[in-house]
Amino acid sequence: MAAPRARDPQSVLFACGLNSVRSPMAASLLHQMFPQRLYVRSAGVRKGELDPFAVAVMAELGQDISTHKPMTFEELEDWEGLNFDLIVTLSPEAHHKALELTRTLAAAVEYWPTVDPTDAEGNREQKLAAYREVMDSLLARIRKRFARGGAANL
């Protein structure tokens, strides 16, 4: 069995600590760019609750993640398996978990350290600004990693 080609994956898993902010945002952004070409999912080391600030900032881009159900790696594996060419980790704990999985999975792993916006303090607008920064940084990173020749929709 040949190793997956990380440069041109067909299936991508975004992973973070709780699967409640960063990974669902990243999965939605990538799915919006390539709805037919890539299979995209997200998971967390632990199961959290979907964050309403994440839903709000994604809605500003016209993306609805309000029906996202946070899921752990184990739940995803039980539900549909972990057959991904590429696992993009957004937090240290997710990165460690993904590296453990590569003992039995033939998946490439990339670590994209991403700030956790839930740590932001201040009023509602200041918190939303922190979430927008994370969304913008994920979008820029996704465009750089996956877009070729202007194929992206975002």
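If you're wondering where the values come from, they're calculated on a predicted model, not measured in any experiment.
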How far apart are the closest heavy atoms of Tyr111 and Leu90, and which atoms are they?
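Minimum heavy-atom separation between Tyr111 and Leu90: CE1-C, 4.2 Å.
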Check Ser91 against Gly17 and note the closest heavy-atom contact, atom names and distance.
OG-N, 3.3 Å
Please check this pair: side chain of [X] against backbone of [Y], looking for a donor-acceptor N/O pair closer than 3.5 Å.
| X | Y | result |
| --- | --- | --- |
| Gln32 | Leu29 | no |
| Ser28 | Ala26 | no |
| Asp85 | Ser11 | yes |

Side chain to side chain contact (heavy atoms under 4.5 Å, CB included), that's the test. Do Tyr39 and Val12 meet it? Break it down for me.
CA-CA 6 Å; Tyr39 180 78; Val12 179; over 6 Å; no
Show me the side-chain donor-acceptor pairs of residues 133-140 shorter than 3.5 Å, one per line, residues at least two apart or across chains.
{"unit_1": "Ser137", "atom_1": "OG", "unit_2": "Glu133", "atom_2": "O", "d": "3.4"}
{"unit_1": "Ser137", "atom_1": "OG", "unit_2": "Val134", "atom_2": "O", "d": "2.9"}

With sequence neighbours excluded, tell me which residues meet ring-ring contact (aromatic ring centres under 6.0 Å, His included) with Phe73.
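Scan of Phe73 (ring-ring contact (aromatic ring centres under 6.0 Å, His included), adjacent residues dropped) gives none.
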Tell me, please, which residues at least two apart from His68 pass ring-ring contact (aromatic ring centres under 6.0 Å, His included).
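Result, ring-ring contact (aromatic ring centres under 6.0 Å, His included) vs His68: none returned.
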Give the C-alpha distance, both sets of side-chain angles, the deciding distance and a yes or no for side chain to side chain contact (heavy atoms under 4.5 Å, CB included) between Met25 and Gln63.
CA-CA 9 Å; Met25 289 169 77; Gln63 296 189 32; over 6 Å; no
Gap between atom CZ of Phe14 and atom CG of Asn19 - 0.5 Å precision
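Reported to 0.5 Å precision, the distance equals 12.0 Å.
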Lys97 vs Glu74, salt bridge (charged side-chain N to carboxylate O under 4.0 Å, His left out): CA-CA, chis, key distance, verdict
CA-CA 11 Å; Lys97 178 71 173 179; Glu74 291 77 16; 2.6 Å; yes
Residue pairs involving residues 47-69 (criterion salt bridge (charged side-chain N to carboxylate O under 4.0 Å, His left out); sequence neighbours excluded):
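For residues 47-69, and leaving out neighbouring residues, the salt bridge (charged side-chain N to carboxylate O under 4.0 Å, His left out) pairs sorted by first residue read Lys47-Glu75, Glu60-Arg132.
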Run the numbers on Tyr131 and Met58 for side chain to side chain contact (heavy atoms under 4.5 Å, CB included), then give the verdict.
CA-CA 9 Å; Tyr131 282 73; Met58 292 302 290; over 6 Å; no
Side chain to side chain contact (heavy atoms under 4.5 Å, CB included) against Leu82, all qualifying residues, sequence neighbours excluded:
Leu13, Leu76, Glu77, Phe84, Leu101, Leu105
Quick one: side chain to side chain contact (heavy atoms under 4.5 Å, CB included) partners of Val55, sequence neighbours excluded?
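Partners of Val55 under the side chain to side chain contact (heavy atoms under 4.5 Å, CB included) test: Leu50, Ile65, Ser66.
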I would like to know whether Arg41 and Met71 meet side chain to side chain contact (heavy atoms under 4.5 Å, CB included); could you show each step before the answer?
CA-CA 10 Å; Arg41 290 289 180 264; Met71 187 176 291; over 6 Å; no
Carboxylate-amine/guanidinium proximity below 4.0 Å for Glu121 and Lys127
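Result for this pair is no, no salt bridge flagged.
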